[in-house]
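Convention: sequence-line order gives letters A, B, ...; per-chain numbering from 1.
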Protein chains: 2
Amino acid sequence: MKMSDIITAHILNMLEQSEYDTAEIQRNEFAALIGCVPSQINYVLSSRFTPEHGYVIESRRGGGGYIRISRVRLDKSSALMHIINSVGNELDSSTARILIENSRQAELISKEAAELMQAAISSPVLHEIPPIFKDSFRAAVVKQMLLALIN
Amino acid sequence: MKMSDIITAHILNMLEQSEYDTAEIQRNEFAALIGCVPSQINYVLSSRFTPEHGYVIESRRGGGGYIRISRVRLDKSSALMHIINSVGNELDSSTARILIENSRQAELISKEAAELMQAAISSPVLHEIPPIFKDSFRAAVVKQMLLALIN
DNA sequence: TAATCAAAGGTCAGTAAAAGTCAAATTTTG
DNA sequence: CAAAATTTGACTTTTACTGACCTTTGATTA
């Protein structure tokens, strides 16, 4: 396996562990741990953790220096999160449909995702559960599916 | 026997062995093994493993580079329809999860679609409906969502 | 306080390791 | 024989890795 892939995997793993999508390393120490030359860390960061890839790098030199890698939430994510939060515990049929259409219009979700969401709350599915639960079910499905698109 | 046929046979054989219809080679190494010039691998790939023939090629240059050949199913729709038909009126949690994972592995559905499907039948959603309805609900959701991907 | 030192991280250019391209030469096929 | 397919290798581009040297920062010392 390539050194750069190993380094990438390590960082990704740290980000995964982290609650705030942030990993902090000390370059020399980290390089020694993995067994590569320090400058290779920079290579990996600049080739695979760029802003285009959705990451932000901050660092500090000198004693007690560090390199911090953060996964940034794209704007879409926060917009979606906003929508999710606006959905209460119940969601009726037409509001749900409009919400999905609007998200699609705003390009927050793909055409495929929109179709999948409509399918998940379509009549054949609702037919399987008692009427009393429909609105809370719709709310839960829509929220969970939008949430899946953020992660 | 022609060199290009030998190369083709080797690749086909690797695909045959592979569980997920994917073969990965290193061009120089593979060429040396077979006893041909490296660029001939490209010739074979571009003349016999094209998308029209049902294959997708991915590659990476540089140290540790590779060429990956994958056989893609052209007939995704009928494969999906087959799966839909195999689902009865009830679907338990782990069978559903495996079904989605397999569809994903077989590249019948996108990563996003797989995540959306898992989200649609995740615990927070199921929590909204009485236990007795869960299995029939799962079956309906999965079928409707896969159906949406066909249309 | 100013000068100095040590401990980080940053940069860059050079080398190596792949894969890609293309056109000329050769072989196969109809 | 003529056209199509195959083979080859010289040259290009991309990606990975390394080490020498540079800059920044914080601490210590005269």
Check whether any side-chain nitrogen or oxygen of [X] sits under 4.0 Å from OP1 or OP2 of [N], and answer yes or no.
X	N	result
B/Ser4	D/dA5	no
B/Ser59	C/dG20	yes
B/Asn42	C/dT21	no
B/Arg48	D/dA5	no

Figure out the [atom1]/[atom2] separation between [X] and [N], and round it to whole Å.
X	N	atom1	atom2	value
B/Asp5	D/dA5	CG	C1'	11 Å
B/Phe30	C/dA18	CZ	C1'	16 Å
A/Gln40	C/dG10	CD	P	15 Å
B/Asn28	D/dT14	CG	P	18 Å
B/Glu58	C/dG20	CD	C1'	16 Å
A/Tyr66	C/dG10	OH	P	11 Å
A/Ile7	D/dT15	CD1	P	17 Å
B/Ile25	C/dA19	CD1	C1'	10 Å

Base of C/dG9, side chain of A/Arg60 - is there a donor-acceptor contact under 3.5 Å?
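For A/Arg60, whose side chain was compared with the base of C/dG9, there is no donor-acceptor pair (under 3.5 Å).
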Distance-only donor-acceptor test (3.5 Å): side chain A/Arg61, base D/dT23
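Flag set: donor-acceptor pair detected.
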Looking at D/dG19, C/dA8, C/dG20, which one has an atom nearest to any side-chain atom of B/Ile67?
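Nearest to the side-chain atoms of B/Ile67, counting from C-beta on, is C/dG20.
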Ion pair present between B/Glu16 and B/Arg71, side-chain N to carboxylate O less than 4.0 angstrom?
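Judged by the 4.0 Å cut-off on N to carboxylate O distance, B/Glu16 and B/Arg71 do form a salt bridge.
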For residues A/Phe137 and A/Ala120, report the shortest heavy-atom separation together with the two atoms involved.
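In this case the closest contact between A/Phe137 and A/Ala120 is CZ-O, 3.8 Å.
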Identify the heavy atoms of A/Ala113 and A/Leu149 that sit nearest to each other, and give their distance.
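Minimum heavy-atom separation between A/Ala113 and A/Leu149: CB-CD1, 4.2 Å.
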Around atom CG of A/Asn89, are there more than 12 heavy atoms from other residues, nucleotides or ligands closer than 6.0 Å?
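Counting other residues, nucleotides and ligands, CG of A/Asn89 stays at 12 neighbours or fewer.
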Assess the side chains of A/Ser110 and A/Glu112: does a donor N or O sit below 3.5 Å from an acceptor N or O?
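Short answer, no.
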For [X], report the nucleic acid contact type (base, sugar-phosphate, nothing); a contact means any heavy atom under 4.0 Å.
X	value
A/Tyr43	base
B/Gly65	sugar-phosphate
B/Ile41	nothing

Start at the 5' end of DNA chain D and walk down; is the nucleotide closest to B/Gly62 or to B/Met1 reached first?
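So the residue in question is B/Met1.
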Of A/Gly63 and B/Gly35, whose nearest nucleotide on DNA chain D comes first from the 5' end?
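Whichever sits nearer the 5' end wins; that is B/Gly35.
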Quick check: on DNA chain C, is the nucleotide nearest B/Gln26 upstream (toward 5') of the one nearest B/Lys2, or the reverse? Name the residue that is more 5'.
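Whichever sits nearer the 5' end wins; that is B/Gln26.
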Gap between atom CD of B/Glu101 and atom CG of B/Leu99 - 0.5 Å precision:
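Here the rounded value is 10.0 Å.
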